[in-house]
**Q** 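Submitted below is the structure of interest, expressed as structure tokens.
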Amino acid sequence: MNNNSRLRYEIDSFVVPGDRLGSFFKTTVPGPGTSARKGHLYASTAGRLSIQQQEEQSLITVTPPHDFASRRVITVGQIVLAKVDRVSWTQAHVSIFATETGGTLQYPAEAIVRREDIGSTVPVTHTTNTNTANNKTSWQVIEAVRPGDWIVARVLSLGDTQRYMLTLAEPQLGVWYALSAKGGTVMQPKSWNTMVCPKTGVEESRKCAKPRC
Amino acid sequence: MAKSAQATVAVLPGDNVTERIPLSSKLGTGLRYDAASQQVYATLAGWLSQQNKNTYFVQVNLSRYRPRLEDRVVGIVEDRMGQDGNGGDYYRVNIGASHLAILSNLSFEGATKRNKPHLQVGQVVYARVSSLNEGLLEPSLSCLLGPHDAGMPRKDWMTSEGCYGELKGGNLIRISTGLARQLLQPDNVVLQELAAAKIEFEVAIGVNGFLWLNSTLPEYTIVIQNAIQNSQVMTDAQIRAMVKSLIYTAKKKLQQDRDAMED
């Protein structure tokens, strides 16, 4: 037993909801899967007990053994992978299929990317001076994404009952995977605003995500 | 409908027209070459016509307008859709197609964020179809000079001398697309005759079947409108006679009214 944390159960033992894990100290705080009540830590889910060490605190964590669908939630600030369903003049309607931390969702979630949140058409580089920054214009939705494209976006807000709100306004966000309009070949990103079909050489306008190598 | 001078025979889709077309001609709209049988077939119903020395096509007359790129159309502003994020506004324009087209008020010559036209609902505009948006969105219109407007002078939207833009006053009538294309022929008889009759008028002909007409007197407007619509089913000689007769009747009536007022 790890004496530093004074837990009532061994690390990696299986605990069930309601098990009192120990006392709540400044250095021993409830992490995912646990909650604190009246100075004590309780397990709130069934799973393996573990400790995550953070600078001066120990996060007491209970990790469910299986990947429950309920764990795969969309939280604000997370990077998500989504597929574009349709576009309009003001926004793009997408379906979120996976999140960075939670993995693939059980059901796709609806979201929109508003035109204002696609970014500006002046690329943000280290050479951008303030004068040209005032001339930036926003993307036309249809020039940034197309139906069928897969995009990497960040969750801006949980939105309303019908949809989440996403943003593409960062250099690393944007179209990740797209097929060419004519031939259906997988296109390659040529620059921040262009994708090119490797077979025909035809270029198409997209707000490309920065390739991660 | 009245055939143009080069129209020869009426064809229906599926008709074999190989004998009627010289071997080395170019095939325009409505004609298809089947490589397997080496025959030329018509795919549209209309008049088989000759454009230049060696281009053949089928002259079609449809009431339904389907927008194509760089069509020059007359449209009616229906409503303001919203801002376009670049300081302009999007307007929905009725061009008689299956969807309302979109026109931005920054797509005018010399228009900037601070100096742009404010389109009113019900206003008539003459614009060109600048993009079909691949069918994902409504077609876009533009009042900027386009690739087919090479010789036109570039005038700001504020002067009303530009090629495209707002059409002030006047009347709008719906005609068939075939009649519209006929009127756009440089040798069109009815417009020539009306011009020769020395009544002042101006027309804007949209290939979408919207015809804007403006003249000094309402009597003349009615005469012109009737003449144009009648010309659809008349031969050239009949058109000349009709226009003469209509103008004569109108002028006589106007003279009678003037005389009556002076008494």
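The sequence lines fix the lettering, A, B, ..., with proteins before strands; numbering per chain opens at 1.
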**Q** How about CZ on R20(B), more than 12 heavy atoms from neighbouring residues, nucleotides or ligands closer than 6.0 Å, or not?
**A** no
**Q** Just by modelled atom types, is the S138(A) backbone N or O under 3.5 Å from a matching donor or acceptor in the N86(B) side chain?
**A** yes
**Q** Has K116(B) got more than 12 heavy atoms of other residues, nucleotides or ligands less than 6.0 Å from its NZ?
**A** yes
**Q** Other residues, nucleotides and ligands only: do more than 12 of their heavy atoms fall within 6.0 Å of NE2 on H99(B)?
**A** no
**Q** Give the member of E138(B), Q83(B), M81(B) that has the highest number of heavy-atom pairs under 4.5 Å with chain A.
**A** E138(B)
**Q** Do Q140(A) and D84(B) make a side-chain contact, defined as non-hydrogen atoms from C-beta onward lying under 4.5 Å apart?
**A** no
**Q** Apply side-chain contact (heavy atoms from CB on, under 4.5 Å) to R146(A) and L136(B), showing your working.
**A** CA-CA 8 Å; R146(A) 289 279 165 105; L136(B) 299 171; 3.5 Å; yes
**Q** Please flag which part of E134(B) lies under 4.5 Å from any non-hydrogen atom of chain A: side chain, backbone, both or neither.
**A** side chain
**Q** So, for L137(B) and I142(A), which heavy atoms are closest and what is the spacing to 0.1 Å?
**A** CD1-CD1, 3.7 Å
**Q** Is Q172(A) atom CD crowded by more than 12 heavy atoms from other residues, nucleotides or ligands, each under 6.0 Å away?
**A** yes
**Q** Should W89(A) and S140(B) be marked as a side-chain contact (heavy atoms from CB on, under 4.5 Å) after you check the CA-CA gap, both sets of side-chain angles, and the distance that decides it?
**A** CA-CA 11 Å; W89(A) 291 95; S140(B) 300; 3.2 Å; yes
**Q** Are there more than 12 heavy atoms of other residues, nucleotides or ligands under 6.0 Å from atom CD of Q53(A)?
**A** yes
